[in-house]
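Worth saying up front: this structure is predicted, and the values here are computed from it rather than measured. Both ligands and their constituent atoms are indexed starting at 1 by order of listing.
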Amino acid sequence: MARIVMKFGGTSMAGIERIRNVAQRVKHEWDQGNEVAVVVSAMAGETDRLVNFCREASSLYDPREYDVVVSSGEQVTSGLLAIALQAIGVPARSWMGWQLPIRTSDGHASARIEAIETDSLLAAMGEGGSGREVAVIPGFQGMALGDRVATLGRGGSDTSAVAMAAAMKADRCDIYTDVDGVYTTDPRIVPRAQKLSKVTYEEMLELASVGAKVLQTRSVGLAMKEKVRVRVLSSFDDIRDEDGHRGTLIVGEEEVNMERQLITGIAHDKNEAKITLTEVSDRPGAVASIFTPLADANINVDMIVQNVAHTTGSTDVTFTVPKAELARALDVLEKGQEAIGYSKLIHDPKVTKVSVVGVGMRSHAGVAAAMFKTLGDRGINIQAITTSEIKVSVLIEEDYTELAVRVLHTAYGLDGPDAAE
Ligand code: ADP
Ligand code: ASP
Ligand code: MG
């Protein structure tokens with residue numbers, strides 16, 4: 001017998017037929033004698049719909065009330081799954097975030113989980129009580145200060161699942177989604193992308209943070225810290241590898257063969273916007289005068305490029321911020337023009353960050369050079385660059401996104417057989 005957490009995403013929960021399919025998968029695990037907790041997302045598209053209602057009601061909505069509205073999608077699917085399970089003879093009940101509770105920080109709309117009380121839940125899931133009840137938990141939800149409903153940020157159900165698995169000391173956390181694992185890049189963009197049977201926590205953390213939305217970044221960080229065994233797999237098919245395994249396992253570095261491909265994966269992110277300040281005076285403290293007010297306004301800056309001033313005594317500074325924060329960032333910078341001392345403020349939201357990730361990069365030179373050459377050969381201009389020990393990211397014009405991802409996938413030898421062939 002094992003204790004497992006199963007998480008089902010929005011596409012897997014979209015409509016009663018699919019919820020019945022999920023119930024069958026849960027029953028299969030429960031029939032083997034396992035203790036099962038299920039974390040569910042809202043039906044696909046539902047959270048977007050609810051977010052839009054809030055925006056329509058007021059552009060300056062109260063985030064605490066936004067959380068009340070957007071968390072409702074998960075309430076519906078958890079109740080429906082409990083009903084579907086009971087209908088096939090599996091005892092089940094739903095536990096709202098506030099009923100457990102899942103306690104979070106006060107950062108409404110992107111709260112962090114701080115503690116989960118599991119005593120009642122584990123008692124219900126065990127042999128005693130009403131007898132091996134399946135616990136259905138709405139993802140994305142928690143309870144903040146003052147017992148207010150909170151949500152964990154978009155894609156947050158992955159984090160709910162990993163946090164539940166850690167709190168329950170589960171043997172594994174299975175993330176069921178609409179693809180059968182983590183691929184070398186988004187398989188919807190590159191049909192020749194290949195499924196990885198294993199990926200390290202560190203690589204998955206980088207891939208998620210640079211745009212591979214298959215897992216929320218925070219969920220991977222938490223899994224790494226708490227050593228949760230996470231597997232990503234499909235809720236729609238049961239394809240197995242040659243060795244009989246399904247999906248992708250997220251594992252420690254000691255479990256992967258370091259002799260494999262130099263690059264593990266490629267990701268892209270269209271959610272950043274570029275800002276350039278021209279003719280910033282080249283003096284100590286000038287850069288701080290740009291980024292301090294942005295930090296004070298809680299705006300995250302990602303890529304930064306500063307040109308060297310040769311003769312003019314001034315330099316251009318280019319950087320990126322989340323697209324959703326662009327208007328606020330421009331406002332902060334306009335107000336600070338005198339204090340910063342720049343000539344023009346230019347912005348461009350039509351950019352994409354493309355990144356290559358792989359632990360093999362640590363011991364090999366030339367990864368960045370190969371990236372720049374491949375893009376250059378296709379006439380794709382690089383507007384900014386950042387690197388980490390296991391990642392290189394470049395900023396390019398948005399229209400070239402698909403082309404850039406495809407040619408890089410080929411250049412690093414990641415192409416598999418075409419799925420369409
Ligand atoms: P869910 O609703 O189950 O949480 P998401 O839409 O959040 O599902 O994440 C799954 C999607 O992530 C896939 O449909 C795929 O398009 C996308 N994706 C992006 N990069 C990757 C990758 N490297 N491997 C697999 N899927 C990826
Ligand atoms: N329903 C939420 C969202 O769409 C949380 C999730 O599905 O992970 O962001
Ligand atoms: Mg998701």
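Looking at Val179 next to ligand 1, no N or O pair under 3.5 Å apart turns up. For a threshold of 3.5 Å applied to N or O pairs, the pair formed by Asp178 and ligand 1 contains at least one separation below that value.
Between Glu133 and Arg93, no side-chain nitrogen of the basic residue sits less than 4.0 Å from a carboxylate oxygen of the acidic one, so the salt-bridge criterion is not met. With respect to Arg172 and Asp174, a salt bridge is recorded, a charged nitrogen being found less than 4.0 Å from a carboxylate O.
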Legend entry - Worked check of salt bridge (charged side-chain N to carboxylate O under 4.0 Å, His left out) between Lys195 and Asp241: CA-CA 10 Å; Lys195 187 174 78 76; Asp241 295 345; 3.2 Å; yes

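Centroid-to-centroid, the aromatic rings of Phe291 and Phe319 come within less than 6.0 Å.
Nearest to atom 25 (C) of ligand 1 by heavy atom, out of Gly181, Ala212, Ala193, is Gly181. Scanning Lys7, Gln216, Lys213 for the heavy atom closest to atom 5 (P) of ligand 1 points to Lys213. When the heavy-atom distances from atom 21 (C) of ligand 1 to Asp186, Thr184, Val405 are ranked, the shortest goes to Asp186.
For the side chain to side chain contact (heavy atoms under 4.5 Å, CB included) with Val199, the lone residue among Ile250, Val230, Leu249 that qualifies is Ile250.
Side chain to side chain, Glu206 and Ser388 meet the donor-acceptor criterion of an N or O pair below 3.5 Å.
Atoms NZ and CD1, from Lys335 and Ile340 in turn, are 12.5 Å apart once rounded to the nearest 0.5 Å.
Proximity of a side-chain donor or acceptor of Asp171 to a complementary backbone N or O of Ala2 within less than 3.5 Å is not detected. In this structure, Lys391 contributes its side chain and Gly358 its backbone to no donor-acceptor pair below 3.5 Å.
From the protein, the heavy atom lying nearest to atom 23 (N) of ligand 1 is Tyr183 O, 3.0 Å. Looking from atom 2 (O) of ligand 1 to the surrounding protein, the closest heavy atom is Gly10 N, 3.1 Å. Nearest to atom 27 (C) of ligand 1 among the protein's heavy atoms is Val214 CB, 3.8 Å.
Close contacts of ligand 1 with Val182, meaning ligand atoms under 4.0 Å from a residue heavy atom, involve 24 (N). Less than 4.0 angstrom separates some heavy atom of Thr177 from each of these atoms of ligand 1: 1 (P), 3 (O), 8 (O), 10 (C).
Ligand 1 has no atom lying under 4.0 Å from any heavy atom of Gly155.
Counting heavy atoms from C-beta on, the side chains of Val26 and Met6 come closer than 4.5 Å. Counting only heavy atoms from C-beta outward, the side chains of Glu74 and Ser157 approach each other to under 4.5 Å.
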Note down each nitrogen or oxygen pair, ligand 2 side and protein side, whose separation is under 3.5 Å; give only atom names and the distance to 0.1 Å.
residue: ligand 2; atom: 1 (N); partner: Thr47; partner atom: OG1; Å: 2.8
residue: ligand 2; atom: 1 (N); partner: Glu74; partner atom: OE2; Å: 2.7
residue: ligand 2; atom: 4 (O); partner: Thr47; partner atom: OG1; Å: 3.4
residue: ligand 2; atom: 4 (O); partner: Arg154; partner atom: NH2; Å: 2.9
residue: ligand 2; atom: 7 (O); partner: Ser41; partner atom: OG; Å: 2.9
residue: ligand 2; atom: 8 (O); partner: Gly155; partner atom: O; Å: 3.4
residue: ligand 2; atom: 8 (O); partner: Gly156; partner atom: N; Å: 3.4
residue: ligand 2; atom: 8 (O); partner: Ser157; partner atom: N; Å: 3.0
residue: ligand 2; atom: 8 (O); partner: Ser157; partner atom: OG; Å: 3.2
residue: ligand 2; atom: 9 (O); partner: Arg154; partner atom: NE; Å: 2.6
residue: ligand 2; atom: 9 (O); partner: Arg154; partner atom: NH2; Å: 3.4
residue: ligand 2; atom: 9 (O); partner: Gly155; partner atom: N; Å: 2.8

